[in-house]
Every structure is written in structure tokens, then in C-alpha cells.
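Structure first, then comments.
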There are 2 protein chains.
Amino acid sequence: MEDVLRSLGFLCLGSRMKRIGEQLQADTQRVLDRLDMRIQSSQYPLLAALDRLGPLPVGELAQSLGVAQPGVTRSVALLAELGLVEVNPSEEDQRRRIVSLSRDGRRLVDQAKRDIWPGIENAVADLCADLSGPLLGQLAAIEDRLAATPLHRRAENARVVAP
Amino acid sequence: MEDVLRSLGFLCLGSRMKRIGEQLQADTQRVLDRLDMRIQSSQYPLLAALDRLGPLPVGELAQSLGVAQPGVTRSVALLAELGLVEVNPSEEDQRRRIVSLSRDGRRLVDQAKRDIWPGIENAVADLCADLSGPLLGQLAAIEDRLAATPLHRRAENARVVAP
DNA sequence: CAATGTTATATATCAAGTTATAGACTTATG
DNA sequence: CATAAGTCTATAACTTGATATATAACATTG
């Protein structure tokens with residue numbers, strides 16, 4: 001069966017990148033599920049942002065993640081519910097709400113940085129290894145490789161190779 | 001403000017590709033809005049699939065687009081509502097419902113192929129022109145270029161260059 | 001050939017993004 | 001200094017993807 005998005009090339013590049021991104025996220029989720037993590041893969045970037053940049057107001061968090069503010073408001077509400085982040089009003093400006101990692105969130109991030117993220121990063125790096133040339137060709141190669149060996153298998157192998 | 005997804009590299013490649021895809025779709029939508037098209041940019045791949053492959057049952061349509069079947073069922077219902085596709089039960093197998101372009105759908109696709117898609121394709125090709133090297137670098141270049149000159153501006157220019 | 005299993009589609013629910021807008025607070029100005 | 005304008009966050013409504021499951025039609029088999 002012809003892959004129409006691939007055939008259409010640049011015309012549907014947006015749909016195609018979205019599709020690849022979704023598959024990567026879903027595969028990553030599988031890896032996390034096996035490790036008994038209780039949050040969605042899509043929440044990690046927010047936690048990583050707080051880890052890298054320290055406490056941030058909602059708007060700057062959205063900007064640093066490159067998403068719209070309401071999405072961050074919702075994610076923050078969810079993570080606060082789980083006890084992974086804390087939200088405090090800013091002292092200088094009562095409109096701003098400063099988001100920071102809670103103790104549990106700190107622990108989760110530290111564990112992820114040590115035990116989980118390296119494996120995922122290696123798996124994705126493996127997936128993209130030795131790619132070069134035009135973008136569309138690289139995307140096709142990624143799709144083919146993912147179909148041949150899903151990410152969670154690569155994560156296992158990668159973990160063996162990089163202890 | 002640091003772009004966290006970019007800093008995290010392979011670890012968040014899925015989120016990042018999704019983000020780029022969404023921006024491309026949104027920008028494409030802007031181009032279409034200006035041209036008074038009444039459907040969403042995300043529906044075009046389905047119409048293009050029917051155009052390329054002819055009438056197809058729902059499942060094969062999903063497969064050719066690389067998305068899950070319920071998404072196609074929903075899109076088809078929407079496009080049928082708009083009168084752009086028709087759905088008929090298969091004769092051999094009463095479970096299958098064959099989707100095809102209606103007369104209006106045919107006309108829309110023909111018009112799009114003639115007047116609209118080339119401009120979009122050129123704009124995206126322009127966006128990706130002269131890219132080479134590692135994937136992450138190309139993605140960063142695309143993000144930078146999109147930020148500098150949004151797609152709808154490129155579409156205008158591309159149309160002038162390629163009559 | 002009835003019962004069981006399989007397949008195709010529809011439906012329900014969820015997730016995570018979007019835009020538009022409202023409400024609270026801050027800043028600027030006449 | 002009161003009011004107007006602006007900024008920050010939350011909420012509502014929508015989009016578009018996903019998975020899980022129900023239903024209906026077909027296929028197989030004891």
C-alpha cells in the first residue's frame with residue numbers, strides 16, 4: 001500500500017513530521033511503561049525545562065517549550081495534582097505563578113536523568129545514526145527503521161551497549 | 001529564553017517533530033484561509049489519497065495515510081457532510097465501506113492541484129532548500145527559518161517565482 | 001450448518017495541542 | 001490618582017491524533 005504522505009513529499013511535510021513525532025512519543029511511552037513510570041512521556045519536557053532552567057512562571061515555561069500557554073497551564077495542573085511540581089505566586093507580580101519541581105518531582109527527574117533518559121536518548125540516536133542528505137530522505141529512513149525495529153527494542157540494545 | 005526541546009536533542013525528538021509539524025500545518029492553514037478554502041489543511045492528505053489511489057475502503061485509506069482507523073472514520077464523516085466524498089458499501093463484503101471523491105470533491109482536488117498545492121509545495125521546498133547534514137541541525141535550521149519568514153510569506157514569493 | 005473466531009467499521013473516551021476570550025493584576029497617563 | 005491600556009494566567013471550545021471496545025458481517029470448522 002502506497003504511503004501517500006511520503007509520495008506527496010514537501011506538500012504534506014507537516015502531517016508527516018507530526019506522524020513521526022507521534023510514533024516516537026508512543027514508542028517512548030512503551031519504554032516508560034515497562035519501567036513503571038507513572039507519568040506520560042509528553043510531560044517530561046516540562047520537567048526537564050524546570051530542571052534545566054529552575055523555577056519559572058507559566059508564560060516563560062511555555063516559551064521555553066515552544067508551546068502555547070494554555071497547554072502549559074493544563075500540564076502544570078496535572079503535574080501539581082500528582083505532586084511533582086509546586087506553584088507559588090510571584091512576590092513582585094501577583095499575576096505570575098511560579099512553577100517549580102517539588103521534592104518528589106526533583107527525585108523523579110534525578111532518577112530519570114540517571115536511569116531512563118540516557119537509554120531513550122541512545123535509542124533515538126541509534127535510530128538517527130549515520131543519516132545524511134536531504135530531509136525527506138532522512139525522514140523516510142527513520143520511518144523505515146522504526147518499522148523494522150521499534151524504539152523500545154533499540155532502547156534495550158542501547159542500554160547494553162552503553163552501561 | 002533557551003529552547004529546551006532543542007537543547008535536549010535526541011531525547012525529545014518526538015515532541016520536537018510534532019511541534020514543527022504542527023507549526024507547518026498551522027502556517028499552511030493560513031495560506032488556505034487567504035484563498036477562501038472551506039476545509040482544514042489536515043483534510044487534504046485524505047483527499048489526495050483518494051485522488052492518487054482511487055476509491056478505497058476506510059481501513060486501506062487509514063493504512064495509506066499512516067494513521068489509525070478511527071481518525072479516518074471521523075474525517076470521512078466530516079468530508080461526507082461537506083459533500084466532498086461519498087461512501088458506498090462494498091458489493092463483495094458488506095462490512096467494507098468504500099470512500100470515493102464526489103463530484104464536488106473531484107473539482108476541489110483538481111483546483112487545489114492546479115492553483116494551491118504547487119504554491120505550498122514550493123514554499124515548503126524553499127523552507128528546506130539547501131539543507132544537509134545531521135537531522136538535528138536541519139530541524140534547527142527549519143525552526144530558525146520559519147521564525148524568520150513564515151510559510152505564508154514564502155508561499156507568496158514562491159508563487160511569483162514559479163508561475 | 002451452528003458455533004466460534006476473525007475482520008471492518010463505528011463509537012466512546014482520552015490526550016495534548018490550538019485559538020479566543022475573560023478576569024485579575026500591573027503599568028502608564030491625562 | 002483615577003482611569004485606560006497592557007500583561008499574565010485560566011477557562012472554554014475546538015482539532016486531531018490515540019486506544020479500547022462494541023457491532024455487524026464474513027470465514028472456518030467440528
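Every chain is numbered from 1, with letters handed out A, B, ... down the list of sequences.
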Without decimals, in angstroms, what is the distance between [X] [atom1] and [N] [atom2]?
| X | N | atom1 | atom2 | answer |
| --- | --- | --- | --- | --- |
| A:Ile98 | D:dC8 | CD1 | P | 11 Å |
| B:Asp33 | C:dT19 | CG | C1' | 12 Å |
| B:Glu91 | D:dA25 | CD | P | 16 Å |
| B:Glu92 | D:dA27 | CD | P | 11 Å |
| B:Asn88 | C:dT9 | CG | C1' | 15 Å |
| B:Met17 | C:dG17 | CE | C1' | 17 Å |
| B:Arg19 | C:dT18 | CZ | C1' | 15 Å |
| A:Gln25 | C:dA15 | CD | C1' | 10 Å |

So what does [X] hit on the nucleic acid, given a heavy-atom distance under 4.0 Å: a base, only sugar-phosphate, or nothing?
| X | result |
| --- | --- |
| B:Arg74 | base |
| B:Val72 | nothing |
| A:Gly71 | base |
| B:Pro70 | base |
| B:Gln23 | nothing |
| A:Gln69 | base |

For a quick test of reading the model: is some side-chain N or O of [X] closer than 4.0 Å to OP1 or OP2 of [N]?
| X | N | result |
| --- | --- | --- |
| A:Thr73 | D:dT9 | no |
| A:Gln94 | C:dA24 | no |
| A:Gln29 | D:dT19 | no |
| B:Gln40 | D:dT15 | no |

Item to check | Donor-acceptor pair (no angle test) under 3.5 Å: A:Arg95 side chain, D:dT7 base | outcome: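 It does, because a donor-acceptor pair links the side chain of A:Arg95 to the base of D:dT7 below 3.5 Å.
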
Next on the checklist: What's the separation between atom CD in B:Gln69 and atom CD in B:Gln63, rounded to the nearest 0.5 Å?
Outcome noted: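 Output value for this atom pair is 12.0 Å.
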
Checklist entry - Does B:Ala26 or B:Lys18 map to a spot on DNA chain C nearer the 5' end, using the closest nucleotide for each? => result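 Looking at the nearest nucleotide for each, B:Lys18 comes out on the 5' side.
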
Checklist entry - Are any side-chain N or O atoms of B:Glu121 and backbone N or O atoms of A:Leu11, one a donor and one an acceptor, separated by less than 3.5 Å? => result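 No.
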
Checklist entry - Would you say A:Gln43's side chain and A:Leu79's backbone share a donor-acceptor pair under 3.5 angstrom? => result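 The answer is no, because no donor-acceptor pair under 3.5 Å joins these two groups.
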
Next on the checklist: Need to verify one output field. Residue with the more 5' nearest nucleotide on DNA chain D, A:Asp93 or A:Ser15?
Outcome noted: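 Looking at DNA chain D, the more 5' nearest nucleotide goes with A:Asp93.
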
Checklist entry - Quick one: are B:Glu86 and B:Val99 in side-chain contact, heavy atoms under 4.5 Å? => result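 No, side chains not in contact.
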
Item to check | 4.5 Å side-chain heavy-atom contact, A:Ser100 and A:Leu50 | outcome: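 Side chain of A:Ser100 against side chain of A:Leu50, heavy atoms only: no contact under 4.5 Å found.
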
Checklist entry - salt bridge (Lys or Arg N to Asp or Glu O under 4.0 Å) between B:Asp104 and B:Arg107: does it pass, once the steps are laid out? => result CA-CA 5 Å; B:Asp104 278 8; B:Arg107 201 166 45 202; 2.8 Å; yes

